[in-house]
2 protein chains.
Amino acid sequence: MTSQLAHDRSTTSTSEEDILRQIEQAVLDHRLPPGTKLKEVQLAELFGVKRGKIRKVLTRLANSRLVVQMPNRGASVAKPSAEEGRDLFATRRAIESAIIETLVVRHDQNIINQLRELLESEQQAYQQGNNKHALALSVDFHRQLAILAGNTVMQEFLNDIIRRTPLVILTHLGSDTDNRCRNQEHEAIVDAIADGDAGKAIEIMNQHLLHIENQIDDKPEIEQPNLATLLLSQ
Amino acid sequence: MTSQLAHDRSTTSTSEEDILRQIEQAVLDHRLPPGTKLKEVQLAELFGVKRGKIRKVLTRLANSRLVVQMPNRGASVAKPSAEEGRDLFATRRAIESAIIETLVVRHDQNIINQLRELLESEQQAYQQGNNKHALALSVDFHRQLAILAGNTVMQEFLNDIIRRTPLVILTHLGSDTDNRCRNQEHEAIVDAIADGDAGKAIEIMNQHLLHIENQIDDKPEIEQPNLATLLLSQ
DNA sequence: TTCATTAATATTGTTAACAATATATTTATT
DNA sequence: AATAAATATATTGTTAACAATATTAATGAA
């Protein structure tokens, strides 16, 4: 009798890294909304590990601001303020601009080809109505720009921001609002990079990000959901 | 009989935050060179805390790349590669440019006054030959720009870079080379900001940073020093 | 009922003992 | 002496038991 749990306690020895990634992914997929309480024993049982390991994971998540820890009161998924949200996006614009600048300087046809491939998959996913996958590929597009630029620190920082972004969107944007990246804008960015026009590419990228950024505003509270369901769904 | 140790075990209950800051400061002050082994028991005794607390601190330091942890082989102060060093500086240029941009847009006389005060202290310290203090104030200048710009994420990221910078300098720049910030360049940056000339301010800042960045190159090894002496000196 | 007080439970925090691994030392062999 | 093997020591990793705190439930008085 197989359980619906993500992990098979008997065969898999779930590593700290695994757990970290799974929680990060759950946040990225909007399965772990801001404010969700993260209880140690519950997580330990869920992942089939000892409490100590969970403890360490929570500390690491807190270091990257994905989780907030309060002394004696445990950890919960962070609920960034509107201001923090705007700051994240402003910083992101700065970093992604620098990434584009680097890419244009390199002027490598191989890079352009790789990006166009990614664009195609993204477009396909949208056309096939697979929104979840399309969203993932859209995030990948931004990450891939950073990877191709070859600056590991920018990669780290951009990842940091990307991980925190869903929390901003869920907290400060209506779930109905159009928060996803537009494929055609991604395409225009690649075109500009291919043309060697860094200024244009950066301009489009900034508009692209400002489109979301400008929707950030303080929003009312949301209620506390069930942990296990959220983490393990799908 | 008072020991020379930084902490008085009987009165002070050294917090995790304290220990973290002290180690970070030791790195910033070039008292903890890259590669230094950080043994848990030794640190625990040094700070008068249990090993568990040290363990957590080391994990947090590893998260911010100040320390490297190898399974079963403990932690040591990170020794960033030359490439990582260059990446750090390139990212720093992007972030500090954005910070200046923000400051210029704000166009606040109060900001200019605060910066000029800081410049004065910095200059005084140099003139008085207090190089250690001058260096600290020079770092403060960059940090203060970020604080005045008011973007907490940029502050975080810049701090992250600043903390890692000494390791790059010690690993990849000759200790004889002129690595410190030049006060007159700081002054020129403030002047340009006061003039509302973001482009000029950014240009100077970039030169300012590139001056160090361009000196980064692979360097031979250095030997393993004594931990206690380094951490507790001064 | 409503509020405050107390007790019960749940949750996080700390520790010491032990296990696992790595490093250093000793011993043996050529 | 030089190398390898065996032993001893040092160091990190894990755990279970307990302590401290917070949260919830129960009780009692107005």
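Only this structure's heavy atoms are used, side chains among them; waters, hydrogens and symmetry mates stay out. Bear in mind the structure is a predicted one, so any value in this text is a computation, not a measurement.
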Earlier contact from the 5' end, DNA chain D, for A/R51 and A/E16: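 Its nucleotide being nearer the 5' end, the pick is A/E16.
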Position toward the 5' end of DNA chain D (nearest nucleotide), A/P71 or A/G52: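 By nearest-heavy-atom nucleotide position, the 5'-most residue is A/G52.
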Neighbour count >12 (heavy atoms, 6.0 Å) for atom CD, B/Q114: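 More than 12 within 6.0 Å, yes.
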Sugar-phosphate only, base, or nothing, as touched by A/G74 at under 4.0 Å among non-hydrogen atoms: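 Answer is sugar-phosphate: A/G74 comes under 4.0 Å of backbone atoms only.
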Partner of A/H208 under side-chain hydrogen bond (donor to acceptor under 3.5 Å, both in side chains), chosen from A/R182, A/H186, A/E213: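 The side-chain hydrogen bond (donor to acceptor under 3.5 Å, both in side chains) with A/H208 is passed solely by A/H186 among A/R182, A/H186, A/E213.
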Salt bridge (Lys or Arg N to Asp or Glu O under 4.0 Å) evaluation trace for A/R73 with A/E40: CA-CA 11 Å; A/R73 308 194 48 181; A/E40 298 178 356; over 6 Å; no
Residues forming a salt bridge (charged side-chain N to carboxylate O under 4.0 Å, His left out) with A/D87, sequence neighbours excluded: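 For A/D87, no residue satisfies salt bridge (charged side-chain N to carboxylate O under 4.0 Å, His left out) once neighbours in sequence are set aside.
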side-chain contact (heavy atoms from CB on, under 4.5 Å) partner of B/L158, chosen from B/I99, B/T91, B/L145: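 For B/L158, the side-chain contact (heavy atoms from CB on, under 4.5 Å) check succeeds only for B/I99.
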First and last nucleotide of DNA chain C, 5' to 3', lying under 4.0 Å from heavy atoms of chain A: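 First and last nucleotides in contact are C/dT11 to C/dT14.
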Criterion side chain to side chain donor-acceptor pair (under 3.5 Å) on B/N151 and B/Q155, from CA distance to verdict: CA-CA 6 Å; B/N151 185 316; B/Q155 286 163 32; over 6 Å; no
Exam field: side chain A/D108 to backbone A/N110, donor-acceptor pair closer than 3.5 Å: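 Present.
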Distance in Å, B/K50 NZ paired with B/R55 CZ, rounded so as to fall on 0.5 Å steps: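 Answer rounded to 0.5 Å: 15.5 Å.
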Members of residues 54-67 of chain B that approach DNA chain D, where some heavy atom sits under 4.0 Å away: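 Close to the strand are B/R55.
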